[in-house]
S.K.: 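Sending over a structure as structure tokens; questions will come in a sec.
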Number of protein chains: 2
Amino acid sequence: MRFKSNDGKTVFGRVENGYLHEYAGLHDPVPTGAVLSTRALSQIAPCAPGKVVALWNNFHALAAKLDKPVPSHPLFLIKPAESVIGSGDPIQRPVSYAGKIAYEGELGIVIGKRCRNASVEEAAASIFGYTIVNDVTAAELLNENPHFPQWCRAKGFDTFCCVGPAIVSGLDWHACHVVTKVDGVERQNYPLSDMVFSPAEQVSMISHDLTLEPGDVIACGTSIGVGSIKDGATVTVSIEGIGTLSNILALAGEGTQQAAITAASISV
Amino acid sequence: MRFKSNDGKTVFGRVENGYLHEYAGLHDPVPTGAVLSTRALSQIAPCAPGKVVALWNNFHALAAKLDKPVPSHPLFLIKPAESVIGSGDPIQRPVSYAGKIAYEGELGIVIGKRCRNASVEEAAASIFGYTIVNDVTAAELLNENPHFPQWCRAKGFDTFCCVGPAIVSGLDWHACHVVTKVDGVERQNYPLSDMVFSPAEQVSMISHDLTLEPGDVIACGTSIGVGSIKDGATVTVSIEGIGTLSNILALAGEGTQQAAITAASISV
């Protein structure tokens with residue numbers, strides 16, 4: 001996990017029984033020896049991606065529901081670094097957009113080593129671990145212009161990429177489900193075993209398109225059950241073994257990107 | 001302009017008569033007092049954007065040719081930081097792609113100050129200056145999948161965003177033309193006065209979608225005359241008052257991203 005300390009320093013490490021065992025960094029995960037109580041720390045997103053590569057149509061069940069063939073290569077868009085927030089941070093409605101905002105609960109892959117033109121084996125070795133992503137979308141903008149689907153704009157707004165609460169190395173994702181709830185009501189519950197491209201395949205194929213850097217995140221795409229979030233509602237996305245990512249859609253005019261409205265939901 | 005020195009240090013500053021007058025940085029453009037001969041330096045892209053926001057359909061002449069209405073908001077995709085190269089660096093064909101590669105000569109806006117929800121006046125004040133962009137595209141990937149146009153993938157490959165040679169502050173773009181040549185033969189020559197959204201309007205409207213950071217680049221979109229580049233051909237894009245951006249499409253197996261095949265074309 002990553003935290004901000006009171007003096008504004010960013011600390012990264014392994015959390016156990018309420019204490020952070022600090023690591024030198026994500027691409028050099030060796031303990032520094034420092035141990036800090038998490039009570040004095042504020043949780044932030046567990047990594048700082050330079051870019052988030054977000055997949056579309058990567059689950060067989062969703063492809064069937066959309067009546068689309070599964071793709072032969074990952075279909076993706078890029079969400080910018082500035083869209084990333086952590087668990088507990090509020091999603092902010094864009095000032096210029098009054099329409100429907102949708103949640104998408106997803107598995108996130110966190111890159112640990114620079115990765116380019118990687119084989120599936122090399123790709124597997126470049127994965128630092130797994131996290132949870134809520135790939136937020138200004139749904140009505142996506143097809144607002146009939147000549148150009150606005151994937152980057154609809155999904156690229158500041159605060160529209162919730163990532164966290166933790167990165168877990170060595171997670172066996174095959175048996176895991178993604179469970180998304182809105183104000184406590186379950187909306188998504190789908191198995192990761194239904195993925196079209198496995199995490200290592202995604203990293204390998206995408207690394208033939210662009211260089212992946214340590215800290216970059218691939219959002220593996222969502223499955224069925226996507227829906228909208230009312231202002232003031234809280235979305236939680238849970239994956240057993242990682243924890244729960246929790247974010248409120250701030251009421252208009254409330255909160256700031258910096259101020260966490262809900263307490264961080266730490267469950268590792 | 002920006003350069004690498006022999007000891008691997010990056011230096012940024014104003015170039016005059018073959019000498020670089022170093023500046024503290026793009027968001028703090030004050031002279032450090034250091035003056036270096038550019039002969040001992042290797043030219044690189046004039047800024048290091050965290051992201052490049054690339055516009056589609058931003059010229060009236062191209063919209064008319066495509067028979068599309070001009071948009072009411074900038075239509076854009078995001079090219080990642082790793083796609084950026086400078087003048088003189090070779091464009092590398094992706095190992096997995098044998099198809100047509102297209103050039104697009106464009107004006108580039110370089111952001112100087114963090115910019116979010118900015119008015120047109122605030123946006124104008126946040127522009128550091130103007131550069132030239134060759135927005136390279138793996139043309140056959142764009143519509144390879146009929147259900148998802150792959151804008152980010154087709155335009156996001158490493159080396160597919162040529163930027164340079166310099167950033168010019170205070171350029172009066174209204175009277176400028178973008179002139180693109182392939183192996184010396186003119187292919188594009190269009191006036192910037194034909195833009196749908198002016199640079200300040202682009203920055204203002206896009207800043208309502210996502211935060212623009214110092215060094216970020218907006219590629220203003222291209223106009224008519226887009227075509228393909230043969231392996232080994234050199235594309236130059238010139239804008240009077242900025243200079244000439246020159247990049248070769250490397251022959252398969254030749255060169256590396258690091259090695260400049262052609263000498264940098266410095267004309268400021």
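These numbers come from the heavy atoms of this one structure, side chains and all, not from hydrogens, waters or symmetry mates. Naming convention: chains lettered A, B, ... in sequence-line order (proteins, then strands); numbering from 1 in each chain.
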S.K.: Would the distance check show the side chain of A:T10 and the main-chain N or O of A:K4 forming a donor-acceptor pair, the cut-off being under 3.5 Å?
M.R.: no
S.K.: Going through the distances and angles, do A:V217 and A:I109 end up as a side-chain contact (heavy atoms from CB on, under 4.5 Å)?
M.R.: CA-CA 5 Å; A:V217 169; A:I109 303 165; over 6 Å; no
S.K.: So, for A:G215 and A:C47, which heavy atoms are closest and what is the spacing to 0.1 Å?
M.R.: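 It is O-SG, 3.6 Å.
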S.K.: Which residues, numbered in order, of residues 197-210 of chain B come under 4.5 angstrom of chain A by heavy-atom distance?
M.R.: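 Residues of residues 197-210 of chain B touching chain A at under 4.5 Å: B:H208, B:D209, B:L210.
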S.K.: Under the criterion side chain to side chain contact (heavy atoms under 4.5 Å, CB included), which of A:I91, A:I229, A:L249, A:V237 is the partner of A:Y103?
M.R.: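 Exactly one option meets the side chain to side chain contact (heavy atoms under 4.5 Å, CB included) with A:Y103, and it is A:I229.
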S.K.: Mind checking which of residues 70-80 of chain A sit less than 4.5 Å from chain B, heavy atom to heavy atom?
M.R.: A:P71, A:H73, A:P74, A:L75, A:F76, A:L77, A:I78, A:P80
S.K.: If you round to the nearest 0.5 Å, how far is CH2 of A:W151 from SG of B:C152?
M.R.: 11.0 Å
S.K.: So which bits of residues 62-69 of chain A come within less than 4.5 Å of chain B, counting non-hydrogen atoms only?
M.R.: A:K68, A:P69
S.K.: Might you point out which heavy atoms bring B:V84 and B:P49 nearest each other, and give the distance in Å?
M.R.: CG2-CG, 3.7 Å
S.K.: Atom CG in A:D216, atom OG1 in A:T211: separation rounded to 0.5 Å?
M.R.: 9.5 Å
S.K.: Sort by residue number and list every residue of residues 127-149 of chain B having at least one heavy atom under 4.5 Å from chain A.
M.R.: B:N145, B:H147, B:F148, B:P149
S.K.: Please determine, among B:W56, B:F160, B:Y97, the option with the most heavy-atom pairs under 4.5 Å with chain A.
M.R.: B:W56
S.K.: With rounding to the nearest 0.5 Å, note down the distance linking OG in B:S126 to CD1 in B:I111.
M.R.: 4.5 Å
S.K.: Considering non-hydrogen atoms only, spot the tightest contact between A:Y190 and A:G221 and give its length.
M.R.: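 Shortest heavy-atom separation between A:Y190 and A:G221 comes out as OH-O, 3.6 Å.
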S.K.: For A:D194 and A:A61, which heavy atoms make the closest approach, and how far apart are they?
M.R.: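 Between these two residues, the closest heavy atoms are OD2-N, 2.9 Å.
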S.K.: Can you name the closest pair of heavy atoms from B:A98 and B:R93 and give their distance?
M.R.: C-NH1, 3.2 Å
S.K.: How close do A:K113 and A:A125 get, counting heavy atoms only, and between which atoms?
M.R.: CE-O, 3.3 Å
S.K.: Before you tell me yes or no, could you show the steps for A:L212 and A:I218 under side-chain contact (heavy atoms from CB on, under 4.5 Å), namely the whole-Å CA-CA distance, both residues' side-chain angles and the distance that decides it to 0.1 Å?
M.R.: CA-CA 9 Å; A:L212 295 164; A:I218 299 176; 4.1 Å; yes
S.K.: Go through the steps to decide whether A:E104 and A:T222 satisfy the test side-chain hydrogen bond (donor to acceptor under 3.5 Å, both in side chains), and finish with yes or no.
M.R.: CA-CA 6 Å; A:E104 297 182 5; A:T222 199; 5.2 Å; no
S.K.: Is B:K51 paired with A:E82 through a side-chain N to carboxylate O contact shorter than 4.0 Å?
M.R.: yes
S.K.: First locate atom CG of B:L245, then atom SG of B:C162, and finally report the distance between them rounded to the nearest 0.5 Å.
M.R.: 5.5 Å
S.K.: Does B:E106 reach the side chain of B:N58, with side-chain heavy atoms less than 4.5 Å apart?
M.R.: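 The answer is no; the side chains never approach within 4.5 Å.
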